[in-house]
Amino acid sequence: MKKPVEVLVLEKHTIKFYDESRYSTDPSESKTYDKTFISGDKNYSAALIGIEVTDDEGNTTSCLIGAEGGLTGINGSTTLISLGGIVICCSDTVFKLTIPDLNLEWKTVADPMTCFEIDYLDKDYIVHGELLITRLDKDGKIVWQNGGRDIWTTPEGIDVFTVYDDYILATDWDYNRYKFDFDGSIIEEYKVEPPKKEITSQITKTKKWWNFW
């Protein structure tokens, strides 16, 4: 039996997410889904994610979503429970699905390549993409988008995107850091130093110059 890569337990429903990247190439290892929602060309979907919702009485609904662009992993940063549904990043697209029926409310291409993560922003959403930071309203419409001098991550992939109470901090590949207000305007821009590599000391064994005879 295929194992989910993430499980969300709500008050009345359990939601399971499955990595179906091999769905078309190895059907024997894939589940069967009630519905399929694909963004872009279905023959070139980089990411395929299976979603299954089960209620307290054991009734189950499922769907498969897919999109073009780079591969998006399934984790706590790529999914939100919001306004009676699931909002989920899948490659270049953000999907909004209802709970428990898993009907498609909307889908929006939020980045030319990949959507890394999504978070709440007031009554809207903010999407951290590879090339763009995007604010979406609750209906999936793009409010604003911003790019940087390079892609929105660093070689270490650590502390590159954070939403604070009244601003957003984002760092690009070349360690340029941008401070945005919630309207998408740049408040401040500056350079940061890459994190220092941890220096590990090698323990050298000292030869004992005495022996017991």
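No hydrogens, no waters, no symmetry mates; every other heavy atom, side chains included, goes into these values. Each residue takes its place number in the sequence, starting with 1.
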**Request:** May I ask you to test the Val7-Ile15 pair for a side-chain heavy-atom distance under 4.5 Å?
**Result:** no
**Request:** Compare all side-chain heavy atoms of Val5 with those of Tyr18 and state whether any distance is below 4.5 angstrom.
**Result:** no
**Prompt:** Do the side chain of Asn146 and the main chain of Gly184 share a donor and acceptor less than 3.5 angstrom apart?
**Reply:** yes
**Same apolar cluster: Ile186 and Ile168, side chain cutoff 4.5 Å** = yes
**Prompt:** Is there a side-chain contact between Ile133 and Val127 (heavy atoms, below 4.5 Å)?
**Reply:** no
**Request:** Assess the pair Trp144 and Phe182: is the distance between their ring centroids shorter than 6.0 Å?
**Result:** no
**Asked** Judged by atom type as modelled, is there a donor-acceptor pair below 3.5 Å linking the side chain of Lys107 to the main-chain atoms of Gly140?
**Response** no
**Message:** Please check this pair: side chain of His128 against backbone of Cys115, looking for a donor-acceptor N/O pair closer than 3.5 Å.
**Reply:** no
**Message:** Is there a continuous path of hydrophobic side-chain contacts, each under 4.5 Å between heavy atoms, that joins Leu48 to Phe17?
**Reply:** no
**Request:** Verify the neighbour count for atom NZ of Lys123: are there more than 12 heavy atoms of other residues, nucleotides or ligands below 6.0 Å?
**Result:** no
**Asked** Going by heavy atoms in the side chains, are Phe95 and Val87 under 4.5 Å from each other?
**Response** no
**Request:** Report yes or no: do Ile49 and Leu97 belong to one cluster of Ile/Leu/Val/Met/Phe/Trp/Tyr joined by side chain heavy-atom distances under 4.5 Å?
**Result:** yes
**Request:** Using a cut-off of 6.0 Å, state whether more than 12 heavy atoms not belonging to Lys35 lie near its atom NZ.
**Result:** yes
**Asked** Within a strict 4.5 Å, meaning less than it, do heavy atoms of the Ile38 and Ile65 side chains meet?
**Response** no
**Request:** Please check if any side-chain donor atom of Tyr33 sits under 3.5 Å from a side-chain acceptor atom of Glu20, or the reverse.
**Result:** yes
**Side-chain donor-acceptor contact under 3.5 Å, Ser91 with Glu68** = no
**Polar side chain donor-acceptor pair, Asn176 to Tyr190, under 3.5 angstrom** = no
**Message:** According to a hydrophobic-cluster definition based on side-chain heavy atoms being under 4.5 Å apart (Ile, Leu, Val, Met, Phe, Trp, Tyr only), do Phe161 and Tyr164 belong together?
**Reply:** no
**Message:** Under a 3.5 Å threshold, yes or no: a donor from one side chain and an acceptor from the other, between Ser185 and Asp183?
**Reply:** no
**Message:** Can you give me the closest heavy-atom contact between Trp173 and Asp150, atom names plus distance?
**Reply:** CB-CG, 3.6 Å
**Prompt:** With a 4.5 Å heavy-atom cut-off, do Thr72 and Thr78 have their side chains touching?
**Reply:** yes
**Message:** Which residue is it: Thr60, Asn59, Thr14? I am looking for the one with a side chain to side chain donor-acceptor pair (under 3.5 Å) to Thr54.
**Reply:** Thr60
**Request:** Please state whether the rings of Tyr125 and Trp106 are parallel, tilted or perpendicular, taking 30° and 60° as the class boundaries.
**Result:** tilted
